[in-house]
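Below you'll find the structure, written out as structure tokens, and then a few comments.
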Amino acid sequence: MADFMGTGRRKTSIARVRLAAGTGKRTVNGRDLDQYFARLALSRIATQPLVASNTLDRYDLVANVRGGGLTGQAGAISLGIARALLRIDATLRGMLGKEGLLTRDARMKERKKYGQAAARKRFQFSKR
């Protein structure tokens, strides 16, 4: 069986995910997934598509992720896994979509504007 690829993005994080038939070994940037994400909640977010589709122990996961923080990286891995699962079995689309795992979260940091202290904060105003 061939490897199935999926790309996920969240904020400034980009994850390239590869799923292959196996025993459920999960690796992120060369480290075990649970070791990479110190918080259990982040590991759960990252593997949510595998849990939802009952394929946690059927595929080996290898993910390369860069940019952003750990929460954004976990979200990017989750989207990458969901997209890779779709390439394996297109019938999972309805279930993954219902769980909200195929939606790209488009929220990004708003840019700083000139004439202002930050994205929305203004410099102090004084009439005199």
Side-chain angles (χ1 to χ4, degrees):
M1 183 182 227
D3 293 353
F4 294 92
M5 305 291 289
T7 303
R9 294 182 192 86
R10 172 79 171 90
K11 291 189 173 182
T12 57
S13 301
I14 300 171
R16 291 180 313 194
V17 175
R18 189 171 79 229
L19 289 179
T23 58
K25 188 177 171 204
R26 300 173 305 218
T27 310
V28 177
N29 289 351
R31 291 162 53 191
D32 183 59
L33 181 116
D34 294 322
Q35 182 187 353
Y36 187 82
F37 294 116
R39 292 184 8 225
L40 181 64
L42 294 179
S43 296
R44 283 200 179 128
I45 289 170
T47 56
Q48 207 172 356
L50 292 172
V51 173
S53 61
N54 291 327
T55 56
L56 195 59
D57 297 329
R58 267 203 278 170
Y59 297 108
D60 288 342
L61 163 71
V62 178
N64 288 318
V65 63
R66 62 188 323 150
L70 289 178
T71 306
Q73 288 183 353
I77 290 171
S78 175
L79 181 59
I81 291 171
R83 288 179 172 174
L85 283 172
L86 275 188
R87 291 191 174 196
I88 294 171
D89 185 7
T91 60
L92 293 173
R93 178 176 291 279
M95 187 270 305
L96 290 172
K98 199 175 290 182
E99 296 280 329
L101 299 171
L102 293 174
T103 306
R104 159 70 161 100
D105 193 343
R107 294 177 295 175
M108 301 289 275
K109 182 178 177 182
E110 192 172 332
R111 80 174 204 82
K112 181 197 176 299
K113 282 84 169 189
Y114 56 85
Q116 296 182 15
R120 298 191 181 194
K121 185 180 180 184
R122 310 293 203 268
F123 292 120
Q124 186 171 341
F125 175 76
S126 173
K127 269 191 175 176
R128 298 175 224 270

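All values reported here derive from a predicted model rather than from experimental measurement. When a residue number appears, it is its place in the shown sequence, counting from 1.
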Quick one: salt bridge (charged side-chain N to carboxylate O under 4.0 Å, His left out) partners of [X], sequence neighbours excluded?
X: Arg16; value: none
X: Arg120; value: Glu110
X: Arg26; value: Asp34

Where at least one partner belongs to residues 96-105, residue pairs that pass salt bridge (charged side-chain N to carboxylate O under 4.0 Å, His left out), sequence neighbours excluded | Arg10-Asp105, Asp105-Arg107
Enumerate donor-acceptor pairs with a distance under 3.5 Å from any side-chain N or O in residues 49-58 to protein atoms, sequence neighbours excluded.
{"unit_1": "Ser53", "atom_1": "OG", "unit_2": "Pro49", "atom_2": "O", "d": "2.9"}
{"unit_1": "Ser53", "atom_1": "OG", "unit_2": "Leu50", "atom_2": "O", "d": "3.4"}
{"unit_1": "Ser53", "atom_1": "OG", "unit_2": "Thr55", "atom_2": "OG1", "d": "2.8"}

Test side-chain contact (heavy atoms from CB on, under 4.5 Å), reference Asp60, set Thr23, Asp3, Leu19, output is Thr23
Distance in Å, [X] [atom1] paired with [Y] [atom2], rounded so as to fall on 0.5 Å steps:
X: Phe37; Y: Arg31; atom1: CZ; atom2: CZ; result: 9.5 Å
X: Thr27; Y: Leu61; atom1: OG1; atom2: CG; result: 7.0 Å
X: Arg18; Y: Met5; atom1: CZ; atom2: CE; result: 6.5 Å
X: Gln48; Y: Leu96; atom1: CD; atom2: CG; result: 10.0 Å

If two hydrophobic side chains count as joined below 4.5 Å and joins carry through other members, does [X] share a cluster with [Y]?
X: Val17; Y: Ile88; result: yes
X: Leu92; Y: Leu101; result: yes
X: Tyr59; Y: Leu102; result: yes

Pair up each side-chain donor or acceptor in residues 68-87 with any protein partner under 3.5 Å, not counting sequence neighbours, and list the distances.
{"unit_1": "Gln73", "atom_1": "OE1", "unit_2": "Tyr36", "atom_2": "OH", "d": "2.6"}
{"unit_1": "Gln73", "atom_1": "NE2", "unit_2": "Gly67", "atom_2": "O", "d": "3.1"}
{"unit_1": "Ser78", "atom_1": "OG", "unit_2": "Ile45", "atom_2": "O", "d": "3.4"}
{"unit_1": "Arg83", "atom_1": "NH1", "unit_2": "Thr7", "atom_2": "O", "d": "2.8"}

So does Lys25 have more than 12 non-hydrogen atoms from other groups sitting under 6.0 Å from NZ?
-> no
